[in-house]
Amino acid sequence: MEQSVAARVALSAATYAIDKPYTYLVPPELRETLSPGMRVIVPFGAGNRRTEGIVLSIEESAAPDPKCKPILTQLDEEPVLDGEGLHLAIWMRERYFCTVYDAARAMLPAGLYFSLQDRYRLAPGIDREAAYEAAGNSEYARTIVEMVCASGSAELGQIRAVFGTRNPGPALKQLVDRGILVLETSASRGVGDKTERVAVLAVPPEDAMAQVTPRRRSAPMRYAVMELLCAIGEASTKELCYFTGASMETLKSLRKSGLIRLEEREAFRRVSVEPCEPAGPVYLNEEQEAAFQGLDALARTGTAAAALLYGVTGSGKTQIYIRLIQESLKRGKSALVLVPEIALTPQLLHHFSAHFGDAVAVLHSSLRAGERYDEWKRAKAGKAQVVIGTRSAVFAPLRNLGLIILDEEQEGSYKSEQVPKYHARDVAKYRCAQTGALLVLGSATPSIESMYQAKQGVYHLFTLRRRYNERALPQVQIADLREELKAGNGGSIGHALRSALEENLRRGEQSILFLNRRGASRMLSCGECGEAPTCPRCSVYLTYHSANGRLMCHCCGHSERVPDVCPNCGGTFHFIGTGTQRVQEELEEMFPGVEVLRMDTDTISAVHSHEKLLARFEQERVPILVGTQMVAKGLDFENVTLVGVVAADLSLYVDDYRAAERTFSLITQVVGRAGRGEKTGRALIQTYTPENDVITFAAAQNYDAFYEQEIGLRELRGCPPFRDLFVLTASGTTESAVLQTCMRLRRSLEEWLRQPPYEGYRSQLLGPAPAAIAKVNNRYRYRLTLSTRNDKRMRALVAHLLCCAQKDKENRGVSVYADVNPLD
DNA sequence: AGCACGCCGACT
DNA sequence: GTCGGCGTGCTC
């Protein structure tokens with residue numbers, strides 16, 4: 001009796017409700033090569049449609065299930081995820097209500113993604129005649145057979161295109177079942193492995209030199225190549241030719257003589273980090289040294305630990321990171337550094353490459369897919385032991401992980417807004433727990449959650465209170481915008497800010513104005529009736545994009561021409577909005593002839609343009625820079641002595657429990673920016689609510705007071721860290737159906753919450769309420785918010801309800817998903 | 001989510 | 001016969 005081998009596979013075609021390991025037979029020809037963590041193509045469902053999957057485990061099974069289907073193709077030569085990675089994917093499913101495959105996909109670089117093509121051709125032994133005969137009277141079958149015969153094979157996409165709205169599925173299935181056609185599924189990958197030719201010595205160096213030296217005069221190139229190659233062992237053919245002046249012919253003749261071998265090697269497309277001098281040793285002040293010693297002691301234990309490094313702006317957290325990584329590398333362990341937005345931290349990148357050179361791999365979203373893939377491979381191959389990157393870099397395939405650092409851990413960009421909706425901080429914590437690595441959360445304004453954990457003793461707390469170089473904090477002034485309104489000034493620049501700007505202009509010093517508002521862009525409004533163009537598919541106003549001169553929707557990407565006149569009343573449109581553009585215009589009017597630079601998502605499209613913009617600001621000493629969020633980040637300019645917050649309240653009154661935290665953090669960071677050079681700086685905060693504690697605490701850079709107040713509110717409101725918010729969202733094209741689904745969901749949730757074990761949970765259920773943007777892409781969205789303890793049992797309940805809702809035929813046409821502590 | 005299957009009515 | 005439409009049920 002022959003033993004059969006079966007594999008448990010997570011499938012990409014499985015939805016959340018039916019996601020589980022599916023068992024497939026491993027065909028004999030794959031038994032030697034297939035192992036867990038490799039991707040495969042398998043047939044799925046009654047139609048046996050081809051789908052991608054990832055092998056979770058392989059086992060011998062004595063009695064195979066008769067309905068067990070075989071794996072069709074092995075897609076990877078070696079595992080793309082190791083055991084740790086597979087466990088992480090399974091953990092993510094439980095934690096973030098996504099499928100295992102969704103999680104696995106998020107962990108891999110896009111360069112590794114496959115796309116599948118289904119192609120039909122005539123089965124062996126079937127000719128044209130036989131095929132037509134088999135098609136018989138069926139018009140569908142005839143059409144398909146014609147297509148296949150015309151060019152030998154037909155791609156499913158082509159067939160679908162020809163069929164238009166009609167469905168070729170049943171006819172195709174029948175032709176395949178009757179043995180007329182065969183289906184071949186191929187996988188193609190966007191980014192291939194880039195290879196390069198490498199020349200390797202084929203004989204001992206002495207023998208090689210002995211052969212070429214006698215003919216040194218007549219064949220100088222052969223000699224030169226061998227001389228170089230003997231010195232360095234191996235080199236790419238390109239480099240060899242470049243340095244010796246030899247041609248490929250020379251190398252081929254050397255190969256013919258048996259002196260060298262030419263091999264294809266993978267070439268890594270290195271991300272260009274501007275070359276820099278290797279950095280000298282890092283010097284720490286007492287406070288830094290104490291924090292470093294404490295953290296390193298934790299790292300040395302090799303048991304998982306988490307620490308919060310709370311250091312005011314300019315206290316030198318980066319030097320501590322570098323020392324920790326150095327020590328980690330000495331112990332043979334790798335390190336992972338996460339930053340909120342890599343483009344805004346060029347200095348940090350520089351520091352790292354200066355200290356670690358080629359050991360650093362950089363992973364972030366603005367890399368081209370190929371570059372990202374290469375950096376990923378360098379990490380996986382152990383060629384890079386330090387990875388620095390944004391959110392998704394938390395999955396970097398580093399082995400022997402000793403340290404994960406999350407810089408600016410309070411940043412919202414660590415939370416993914418797409419499926420899987422993971423938080424990099426949680427994933428980092430999990431990876432550290434699994435590998436015994438140390439997690440370091442660094443921040444000048446820690447998230448309330450992290451500080452709470454630190455105060456509870458869950459995280460070790462290290463505090464840096466001294467600014468590096470002992471620079472004084474800027475003078476901070478709060479300006480009341482209500483006074484401006486009373487005085488009839490409806491503009492965004494009050495008189496205090498105006499005179500501060502004037503003074504700076506006079507002194508030839510630079511100023512930065514900060515607008516704490518997301519997507520602050522221009523809108524159109526009709527001068528007659530006030531009508532503003534809205535998106536036809538979403539419930540938002542369209543915004544004007546200067547880059548293409550069109551109105552665009554930020555939700556769905558819809559774009560349209562700017563209408564000549566108001567379609568409603570025939571009036572003329574004009575631009576409105578308190579965006580950066582408006583502020584820029586106001587400033588230009590206020591200070592004629594003074595250049596004002598603007599930096600926001602509208603001006604930044606090309607990959608490196610913010611760097612260029614900032615470089616211009618610094619080098620050409622442009623007097624004023626206006627920008628959003630991004631000007632608040634790690635910028636360090638000598639000549640900037642004034643920082644203005646245009647309207648501090650803008651980010652405060654938002655329906656989100658993090659609004660206060662975010663506002664505090666932004667203002668604190670911005671204020672910390674002023675006067676980082678020799679000159680003392682000042683900061684001016686304009687606000688409509690000067691008495692608001694968040695603003696006064698931020699102005700005073702008083703985190704502790706802010707924390708004490710905010711933690712009380714969080715407890716009162718049942719927000720993190722005391723409870724988590726599970727947000728269940730239903731969406732669909734029929735508003736009433738979406739609302740009905742939400743109500744049913746609410747009723748069944750209430751039912752469960754009345755019974756043990758859930759009746760013991762302190763929880764609160766809100767909704768259904770329309771989502772912040774009620775309609776996106778013609779889909780209405782309603783949501784329920786459950787504030788409760790986030791433990792395994794509660795997640796199991798949410799998962800159960802999601803599955804039921806997705807299977808319930810009453811919810812037809814409505815999709816339901818869950819997110820924990822979503823951003824909006 | 002797909003997709004088949006089964007059933008009905010319509011078209012020819 | 002052949003096809004569209006629609007409800008139902010399953011996916012190794």
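Note that the structure is predicted; figures quoted are calculated from it, not measured. Note on naming: letters A, B, ... go to the chains in the order of the sequence lines (proteins, then strands), and numbering restarts at 1 for each one.
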Measure CG/A/Leu175 against P/C/dT2 and give the value in whole Å, please. 12 Å

Given atom CD1 of A/Ile18 and atom P of C/dC10, what is their separation to the nearest angstrom? 12 Å

Assess, by modelled atom type and distance only, whether the side chains of A/Asn778 and A/Arg537 contain a donor and an acceptor separated by less than 3.5 Å. no

When A/Lys173 and A/Gln806 are each assigned the nearest nucleotide of DNA chain B, the 5'-most assignment goes to A/Gln806

For a 4.5 angstrom cut-off between non-hydrogen side-chain atoms, does A/Pro36 reach A/Pro79? no

Would you mind classifying the nucleic acid contact of A/Lys20 as base, sugar-phosphate or nothing, using non-hydrogen atoms under 4.0 angstrom? base

Selection from B/dA1, C/dT11, C/dT8 that lies nearest to any side-chain heavy atom of A/Thr15: B/dA1

Atom-pair distance (CG on A/Leu11; P on B/dG2), nearest Å: 14 Å

DNA chain C contacts among residues 36-52 of chain A, heavy-atom distance under 4.0 Å: A/Pro43, A/Phe44, A/Gly45

Residues in side-chain contact (heavy atoms from CB on, under 4.5 Å) contact with A/Ala103, at least two apart in sequence or another chain: A/Ala89, A/Met92, A/Cys98

For A/Tyr817, does the OH atom sit with more than 12 other heavy atoms under 6.0 Å from it, leaving out its own atoms? yes

A/Lys809 NZ to C/dC6 C1', in whole Å, measures 14 Å

Side chain to side chain donor-acceptor pair (under 3.5 Å) pairs touching residues 78-93 of chain A, sequence neighbours excluded, are A/Asp19-A/Arg93

Calculate the interatomic distance between A/Ile54 atom CD1 and C/dC12 atom C1'; express it in whole Å. 17 Å

Can you tell me how far C1' of C/dC3 sits from CZ of A/Arg142, to the nearest Å? 17 Å

Please table the atom pairs, donor to acceptor, closer than 3.5 Å between any side-chain atom in residues 793-803 of chain A and protein atoms at least two apart or in another chain.
| from | atom 1 | to | atom 2 | distance (Å) |
| --- | --- | --- | --- | --- |
| A/Arg795 | NE | A/Glu94 | OE1 | 3.2 |
| A/Arg795 | NE | A/Glu94 | OE2 | 2.9 |
| A/Arg795 | NH1 | A/Asn790 | OD1 | 2.8 |
| A/Arg795 | NH2 | A/Glu94 | OE1 | 3.2 |
| A/Arg795 | NH2 | A/Glu94 | OE2 | 3.4 |

Report the distance from atom CZ of A/Arg779 to atom SG of A/Cys538, rounding to the nearest 0.5 Å. 12.0 Å

So, the side chain of A/Gln755 versus the backbone of A/Trp752: is there a donor-acceptor pair under 3.5 Å, distance only? no

Between C/dC10 (P) and A/Asp808 (CG): distance, integer Å: 15 Å

In whole angstrom, give the distance that lies between atom CG of A/Leu183 and atom P of B/dC3. 12 Å

In 5'-to-3' order, the base (B), backbone-only (S) or no-contact (-) status of each nucleotide in nucleotides 7-12 of chain B, using a 4.0 angstrom heavy-atom cut-off, is ------

Closest nucleotide of DNA chain C for A/Arg812 versus for A/Ala141: which of these residues is on the 5' side? A/Ala141

List the residues meeting ring-ring contact (aromatic ring centres under 6.0 Å, His included) with A/Tyr761, not counting sequence neighbours, and say none if there are none. A/Tyr758

